[in-house]
Structure formats: structure tokens, C-alpha cells
Amino acid sequence: QVQLVESGGGLVQPGGSLRLSCSASGSTFSISAMGWYRQAPGKQREFVASINELGRTGYADSVKGRFTISRDNAKNTVYLQMNSLNPEDTATYYCKSFITGSWGQGTQVTVSS
């Protein structure tokens, strides 16, 4: 079983940036596609971005051009660089291992002035 731990969330002003990290335990990280999802209060969890084992990426239309997903297999870590944040990006952000279906506990991102 893979354990995922997110970090890097916080409070940021509109237009600001944050970088989220997701550290994974276990030996399957390098062969697993990984994803970031988010869930705002009262809303369903939604896909944000993904990266496969070869580094191919995909994004939700709402974040395309603002967010960048990347991975460092040597560190068993996947990142989400978030730029030009707006209040609609406020949510709890979760990472997911697609090979195991494991989720992290989430990290809160709040965009507010």
C-alpha cells in the first residue's frame, strides 16, 4: 500500500502562487501515474492534473496555463505549481496514485485578500 502525504498549502492572495508537494512511500511510485484533485466546500472532488510514468501531463481546462504538474522519481514526489491563483481555486487538494488508488489526506489552499 502506498502512503501519500501532501504539503505546501496555505493562504495566498489572488494572483499569487503556491507549490504543493506529494511525497509517496513504497516502490511503485516511479511506475505509477499520479494525479492532483481538489474539493471545495459543498462540491464534488474534481480532477486538476495528472502525470504518467513517462512524464506526460494532462490538465483540467480550469487550470490549464496556470498550473504545472511535475514529478521527481528520485524523491518519490509529485509537485503542483500553481500560479495566478484566484478565489475559485480555494479547495482541499489531494494527490492520488493511479496504480494503487491511494489518496493522501489533503492540503488546504485558500485564495483570499
Side-chain angles (χ1 to χ4, degrees):
Q1 186 76 349
V2 172
Q3 287 192 318
L4 304 173
V5 179
E6 300 98 333
S7 62
L11 173 64
V12 63
Q13 292 187 341
S17 299
L18 282 175
R19 188 176 82 154
L20 307 183
S21 300
C22 172
S23 296
S25 65
S27 59
T28 61
F29 179 82
S30 64
I31 61 172
S32 176
M34 301 291 295
W36 284 99
Y37 290 72
R38 65 186 182 187
Q39 187 167 18
K43 295 187 177 181
Q44 289 189 329
R45 192 171 297 189
E46 64 177 6
F47 168 78
V48 174
S50 65
I51 185 167
N52 72 6
E53 64 276 17
L54 300 178
R56 183 171 182 175
T57 59
Y59 297 93
D61 286 344
S62 59
V63 306
K64 207 171 287 185
R66 300 188 298 123
F67 291 10
T68 302
I69 189 171
S70 61
R71 65 190 298 159
D72 184 337
N73 289 341
K75 295 182 178 180
N76 274 18
T77 301
V78 62
Y79 303 98
L80 186 68
Q81 177 67 43
M82 305 186 296
N83 299 328
S84 302
L85 286 161
N86 59 61
E88 290 70 40
D89 297 314
T90 295
T92 301
Y93 284 71
Y94 300 88
C95 69
K96 179 180 181 179
S97 165
F98 289 118
I99 200 170
T100 65
S102 302
W103 292 90
Q105 84 289 349
T107 185
Q108 177 67 38
V109 172
T110 302
V111 185
S112 175
S113 55

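Here the structure is a predicted model, which is why all the values come from computation and not from measurement. In this chain, residues are counted from 1 in sequence order.
- There is no side-chain donor-acceptor pair under 3.5 Å between Ser112 and Thr110.
- When hydrophobic side chains of Ile, Leu, Val, Met, Phe, Trp and Tyr are connected at separations under 4.5 Å, Ile31 ends up clustered with Ile99.
- Contact of the Val109 side chain with the Thr90 side chain is not registered, since no non-hydrogen atoms from C-beta on lie closer than 4.5 Å.
- Contacts of Lys64 classified as salt bridge (charged side-chain N to carboxylate O under 4.0 Å, His left out), with partners at least two apart in sequence or in another chain: Asp61.
- Side-chain contact between Arg66 and Asp89 is present, with at least one heavy-atom pair separated by less than 4.5 Å.
- Applying the 6.0 Å contact sphere to CD of Gln3 captures no more than 12 heavy atoms from other residues, nucleotides or ligands.
- In this structure, Arg38 forms no cation-pi arrangement with Tyr94, as its terminal cationic atom is not both closer than 6.0 Å to the ring centre and no more than 45° off the ring axis.
- Here the side chains of Gln81 and Leu18 are not in contact, with every heavy-atom distance at 4.5 Å or above.
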Practice problem: Just do the ring-ring contact (aromatic ring centres under 6.0 Å, His included) check on Trp36 and Phe47 with the steps written out, would you? | Solution: CA-CA 7 Å; Trp36 284 99; Phe47 168 78; over 10 Å; no

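- At least one side-chain heavy atom of Tyr79 sits less than 4.5 Å from a side-chain heavy atom of Arg19.
- Every residue two or more places apart in sequence or in another chain was checked for a salt bridge (charged side-chain N to carboxylate O under 4.0 Å, His left out) with Glu53, and none qualifies.
- The closest side-chain heavy-atom distance from Glu6 to Tyr93 is not below 4.5 Å.
- A donor atom on one side chain and an acceptor atom on the other are not found under 3.5 Å apart for Ser21 and Thr77.
- Gln39 and Thr92 share no donor-acceptor pair across their side chains, judged by distance under 3.5 Å alone.
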Quiz item: Hey, mind stepping through Ser32 and Ser97 against side-chain hydrogen bond (donor to acceptor under 3.5 Å, both in side chains) and telling me if it holds?
Solution: CA-CA 6 Å; Ser32 176; Ser97 165; 3.1 Å; yes

